[in-house]
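In what follows, a single structure is set out as structure tokens and then discussed.
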Amino acid sequence: MSDLPQLTAGICTRINDNVREDDQLFNIQPTVQLLSFKKIPPTSGPTQDRYRVIVSDGEHFLQSMLATQMNYIVEEDQIAKGTIATIEKFSVNLVQGKRLLIILALKVLVKHAEKIGSPKALQPRGEDGAPASAPVTPGPSTSTTPAAAAVPARQQTQAGRGGRAAAVYPIESLSPYQTHWTIKARVTNKSDIRTWSNQRGEGKLFSVTLMDESGEIRATAFNAAVDELYDRLQDGKVYLISKAKVNLAKKKFSNVNNEYELTFERSTEVEECHDATDVPTVKFNFINISSLQDVAKDSTCDVIGVVKDVSELSSITSKATSKVIPKRELTIVDRSGYSVRMTLWGKQAEQYDENDHPVIAFKGAKVGDFQGRSLSMMSSSTMHVNPDIPEAHALRGWYDAAGADQQFQSHTGTMVSGGGITFDRAEIRNLNDVKVSELGMFDKPDNFCARATIMHIKSDNISYPACPTTGCGKKVLQMGESWRCEKCDKSFPKPEHRYMVAMAVSDYSGQAWFQGFNDVGQTVFGMTADELVEIKDREELQYNTVINASIGKTFNFTCRAKQDTYNDQTRVRYGISRILPLSYREEAKYLADLLLTSDWAR
DNA sequence: CCCCCCCC
């Protein structure tokens with residue numbers, strides 16, 4: 001017969017039926033066949049790529065996700081359709097009421113193999129092995145299915161206190177639904193002890209970032225826990241940690257890539273672990289400098305780049321505290337062809353002394369909107385000069401070979417009109433409120449967020465012939481056979497059409513007219529204005545079909561309300577500075593987070 | 001339970 005490794009019979013059914021108390025399941029290292037794998041498009045913002053993998057045990061198949069630290073196995077072409085592999089470590093999460101296998105470690109046995117058997121789909125199962133409820137649809141009166149309840153992997157056991165064996169869980173599997181766990185994690189980024197004093201009281205705190213090969217999580221100790229743990233937790237060392245509280249992380253303040261954070265309590269157990277070879281040292285989640293435009297102001301991110309320029313040391317006076325603070329600006333560039341300014345503060349600014357265009361990795365840098373986009377160091381940010389990581393070596397090679405002579409695009413002018421305020425669900429105003437609040441009625445424009453549905457599009461004039469020069473976009477006039485741009489003082493054989501759309505939008509409270517430019521039209525119609533004009537010239541009926549297809553679509557908007565005088569009439573116009581298609585996943589997640597974070601829901 | 005992180 002065949003020399004192929006045996007697939008672990010029945011494992012798909014078993015994972016699918018697993019109830020939370022099933023301890024034995026996670027001791028298995030099943031051998032499966034990978035039927036297919038596919039990159040999942042990110043739902044929003046610059047996140048790491050994720051891969052979906054269909055695994056089969058020969059009888060049934062099951063959908064799974066690769067944990068991001070396993071992405072390399074796809075990206076380095078180590079697996080193929082039909083690959084037979086052993087899942088060395090996994091967990092099972094409940095996602096939207098369905099069980100989802102998460103592959104944390106995978107060993108390839110045979111890369112190329114024929115499909116084994118005729119595996120069949122399994123009936124989706126819910127939290128307790130019961131058939132899953134119907135998919136969640138967002139709306140005011142939906143049922144409350146838990147967003148994600150994790151069933152963690154037992155990756156290994158370790159002798160805990162009192163000789164009792166304690167399961168070691170990957171950080172990635174921690175969640176508020178999980179109570180008895182131990183993690184084995186390296187401490188990084190240990191802060192100084194800080195004190196605070198406000199209306200709610202006063203106290204002291206310090207925090208650390210904990211990481212293992214599955215991910216990282218921020219942990220904070222307050223008051224008595226500070227006395228207990230500050231000296232015992234040392235930067236760079238590895239500990240077994242248990243009995244800390246898992247809370248939802250407030251994204252606004254978090255620079256680590258985790259939905260949750262830990263609070264150390266006096267009862268939290270911390271034990272140094274000397275067998276630490278399997279625990280990584282620093283984890284980055286780099287984004288390209290070009291992608292900064294998609295990252296919200298005030299969020300944090302990891303960036304790696306070459307220092308193109310260094311400013312002299314200077315200083316600023318803080319408006320809040322009147323303190324004089326030293327600062328230094330670095331200009332960093334990467335292969336995306338963009339540059340961005342990074343501000344160092346205080347001692348770090350004074351002591352910076354690198355001359356030869358080093359590669360620097362920044363972790364937890366704060367995103368600002370000065371000149372489009374800017375970066376700045378915070379107390380929780382870290383800087384790593386010429387780190388010994390593949391990304392750094394690649395950048396070094398690129399810069400020395402080509403990058404040094406390249407021109408770089410700054411973020412100035414690349415941000416959407418309206419100052420780049422980002423969409424924030426917590427700030428949504430209803431349209432009636434926008435009107436009665438008289439937004440934009442005074443001397444300066446007002447930005448606001450709205451969620452509204454397109455009711456009508458003024459279809460007779462949705463675009464204009466524009467100058468094709470990058471960054472110009474001014475209207476051009478036909479002069480005989482060519483099109484002339486006054487601003488560029490140039491003529492072109494044909495124009496580039498750009499959208500200028502007026503649309504009536506509604507929400508539950510009322511309606512308004514919004515004006516959108518080119519990016520808005522492209523999002524709404526799903527094609528360029530050139531393409532749509534071509535359709536209109538060729539087939540008016542099809543053009544109407546395209547326009548009508550946008551009616552009834554709902555979007556999240558960021559708008560700019562501004563007074564405008566035209567033909568002696570003064571009125572407020574609402575310009576769309578940002579349009580985002582609704583992501584049901586994001587909307588539902590926002591509502592679920594509200595439930596978890598609001599006091600009245602406890 | 002902090003959450004300030006600066007200026008132009």
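A quick note: this is a predicted structure, and the numbers were derived from the prediction, not measured. Throughout, protein chains are lettered first and strands after them, A, B, ... in sequence-line order, and every chain is numbered starting at 1. As a basis for the values below, the full set of heavy atoms in this structure was taken, side chains included, without hydrogen atoms, waters or symmetry mates.
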Next item on the list: Have a look at A:Thr321 and say if it touches a base, only the backbone sugar-phosphate, or nothing, with a 4.0 Å heavy-atom cut-off.
Entry: nothing
Check: For DNA chain B, which nucleotides open and close the run of contacts to chain A, 5' to 3', at under 4.0 angstrom from a non-hydrogen atom?
Finding: B:dC1 to B:dC8
Note to self: Just to verify, which of A:Arg218, A:Lys190, A:Arg186 counts as forming a side-chain hydrogen bond (donor to acceptor under 3.5 Å, both in side chains) with A:Thr209?
What the structure shows: A:Arg218
Item checked: Minimum side-chain heavy-atom gap A:Phe408-A:Asp334 below 4.5 Å -> no
Notebook entry, point to check: Does the side-chain hydrogen bond (donor to acceptor under 3.5 Å, both in side chains) test come out yes or no for A:Asn189 and A:Thr382, once each step is laid out?
Noted result: CA-CA 8 Å; A:Asn189 240 327; A:Thr382 54; 4.6 Å; no
Next item on the list: Output all residues satisfying side-chain hydrogen bond (donor to acceptor under 3.5 Å, both in side chains) with A:Asp309, sequence neighbours left out; order by chain, then residue number.
Entry: none
Next item on the list: Would you give the length of the straight line joining atom CD of A:Glu272 to atom NZ of A:Lys237, rounded to the nearest 0.5 angstrom?
Entry: 4.5 Å
Note to self: Using a heavy-atom cut-off of 4.0 Å across all strands, would you classify A:Glu261 as base, sugar-phosphate, or nothing?
What the structure shows: base
Notebook entry, point to check: What heavy-atom pair brings A:Ser437 and A:Asp433 nearest, and what distance separates the two atoms?
Noted result: OG-O, 2.6 Å
Check: Checking all strands, does A:Lys323 fall into the base, sugar-phosphate, or nothing category for heavy-atom contacts under 4.0 angstrom?
Finding: nothing
Margin query: Regarding A:Lys204, tell me which of base, sugar-phosphate or nothing describes its non-hydrogen contacts under 4.0 Å with the strands shown.
Written below: nothing
Next item on the list: Please figure out whether A:Leu262 or A:Lys366 has its closest DNA chain B nucleotide nearer the 5' end.
Entry: A:Leu262
